[in-house]
Amino acid sequence: MTGTVEIRNIVKRFGKVEAVRDVSFMLPEGETVALVGHNGAGKTTLMKLMLGLIRPTSGHIKVLGEDPAAGEFAARRRLGYLPENVSFNASLTGYETLAFYARLKREPAKSVATLLDRVGLTPAADRRVGTYSKGMRQRLGLAQALLGEPRVLLLDEPTTGLDPALRLSFYEIVEELRGRGATLLLSSHALTELEERAGRVIIMNHGIKVADGTLDELRRIARLPTRIRLKVTDAGLANVPNWLGPVDGWRQVNGHMVEIDAAPERKIEVLRRATDEGAPVEDLDVMPPTLDELYAHFLLSQETAR
Ligand code: ATP
């Protein structure tokens with residue numbers, strides 16, 4: 001299987017700092033992949049390597065079939081990049097800014113107005129960027145990244161500082177592109193947000209890839225308990241072990257709920273008992289491990305293995 005991005009045994013050192021340590025992965029077409037990790041984990045470095053802005057110390061990278069570090073990297077025109085700290089010339093208008101980037105990417109000027117419209121900036125197109133709010137600058141950054149209908153979109157912490165409505169429209173826009181087959185790599189610290197967006201998650205820790213898979217795969221590997229919350233009648237609360245059976249680690253919450261951390265192999269049994277005819281359960285919620293919890297788990301297991 002080939003991918004739009006292939007990274008094999010990449011090492012990147014900056015002097016004594018080993019920013020990326022022997023990392024390999026492949027990004028296929030039409031997939032949204034979340035790149036997560038603490039500050040300094042190596043996420044931005046990986047994106048810069050894919051863009052050909054820096055060269056690997058060792059290892060191989062192919063982006064759209066080409067080596068980004070080679071002099072002639074024609075595929076760069078098919079890449080979109082939204083840097084972590086997007087900054088523009090404050091004295092240019094939104095339109096002039098995007099027209100400048102369009103010329104760099106050799107894109108027709110007519111795409112500028114279309115893209116400004118797509119990110120909702122048409123009313124502010126003739127205003128100087130210096131007067132833009134953070135959210136407007138971020139939207140202009142996205143329009144810049146979307147120039148030329150990129151096949152690979154690298155978004156470095158794209159939603160920082162965006163209000164919930166803008167965040168939603170931001171994801172709608174990139175999802176549209178993914179639907180047309182683009183590869184999306186999103187780095188972010190907003191794990192709850194990524195949980196709903198990313199088909200796959202790559203977790204980095206100190207330059208090492210510590211986990212890589214869909215949320216379901218990571219849940220299977222981590223074997224973290226699923227939280228089951230039962231709304232129970234007063235009579236049921238008085239004799240929980242009688243109807244729930246010998247379940248370790250249940251607790252009473254909010255006065256009328258029973259919460260259980262069910263190990264993967266006990267989950268079905270707990271649910272069966274809770275939904276059994278005669279069980280004093282009025283309602284239930286099943287909460288699988290969140291990305292936050294998985295992230296903490298994989299980081300901890302790598303730290304203890306070191
Ligand atoms: P954040 O979440 O804070 O953006 P990150 O995961 O993107 O972090 P990187 O920016 O990739 O992290 O940095 C990885 C490591 O490499 C850090 O220790 C950083 O200080 C170091 N580093 C990155 N670029 C350089 C550089 N040009 N020169 C020296 N060290 C660098």
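Just so you know, ligand 1 is whichever comes first in the structure, and atom 1 is the first atom listed for that ligand.
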Any pair with a residue in residues 177-188 that passes side-chain hydrogen bond (donor to acceptor under 3.5 Å, both in side chains), sequence neighbours left out, goes on the list, sorted by first then second residue, please.
T4-T183, E149-R180, D156-S187, E175-R178

Show which atoms of ligand 1 fall inside a sub-4.0 Å distance from at least one heavy-atom site of A41.
5 (P), 6 (O), 12 (O)

side-chain hydrogen bond (donor to acceptor under 3.5 Å, both in side chains): pairs with one or both residues in residues 277-289, sequence neighbours excluded
K231-E282

Heavy-atom nearest neighbour of atom 17 (C) of ligand 1 within options G42, S187, G40
G40

Test your reading of the model: is there a side-chain donor-acceptor pair from R55 to the backbone of A69, 3.5 Å cut-off?
yes

N-O pairing of K43 and E84 below 4.0 Å:
no

Would you verify that at least one protein heavy atom lies under 4.0 Å from atom 20 (O) of ligand 1, or report that none does?
no

Report the nearest protein non-hydrogen atom to atom 29 (C) of ligand 1: residue, atom name, distance rounded to 0.1 Å.
F14 CB, 3.3 Å

Could you tell me, atom by atom, which parts of ligand 1 come under 4.0 Å of a heavy atom of H38?
2 (O), 6 (O)

Heavy atoms only, cut-off 4.0 Å: how does M204 contact ligand 1, side chain, backbone, both, or neither?
neither

N/O donor-acceptor pair under 3.5 Å between R137 side chain and Y132 backbone
yes

If you measure from each non-hydrogen atom of T45 to ligand 1, which part falls under 4.0 Å: side chain, backbone, both or neither?
both

What protein heavy atom is closest to atom 3 (O) of ligand 1, reported as residue, atom name and distance in Å?
N39 ND2, 2.9 Å

Considering only non-hydrogen protein atoms, determine which one is nearest to atom 18 (O) of ligand 1 and report residue, atom name and distance to 0.1 Å.
V17 CG1, 3.7 Å

N9 versus H60, side-chain donor and acceptor atoms under 3.5 Å
no

I'd like to know whether Y171 forms a side-chain contact (heavy atoms from CB on, under 4.5 Å) with E196, so could you lay out the CA-CA distance, the side-chain angles of the two residues, the decisive distance to 0.1 Å, and finally the verdict.
CA-CA 10 Å; Y171 280 116; E196 298 156 27; over 6 Å; no

Would you mind checking which non-hydrogen protein atom is closest to atom 7 (O) of ligand 1, with the distance to 0.1 Å?
T44 OG1, 2.6 Å

Measure up the F88 and Y101 rings against each other and bin them: parallel (under 30°), tilted (30 to 60°), perpendicular (over 60°).
perpendicular

Under a 4.0 Å threshold between the charged nitrogen and the carboxylate oxygen, would D216 count as salt-bridged to R219?
yes

At a 4.0 Å cut-off, with the gap strictly under it, does some heavy atom of E157 reach an atom of ligand 1?
yes

What atoms of ligand 1 come closer than 4.0 angstrom to any heavy atom of H189?
2 (O)

Ligand-side contact atoms (ligand 1) for residue partner A19, heavy atom cut-off under 4.0 Å
14 (C), 15 (C), 16 (O)

What protein heavy atom lies closest to atom 2 (O) of ligand 1? Include the residue and the distance to one decimal.
K43 NZ, 2.7 Å

If you measure from the Lys or Arg side-chain nitrogens to the Asp or Glu carboxylate oxygens, is any gap between E96 and R128 under 4.0 Å?
no

With heavy atoms of E84 as the reference, note each atom of ligand 1 found under 4.0 Å away.
4 (O)

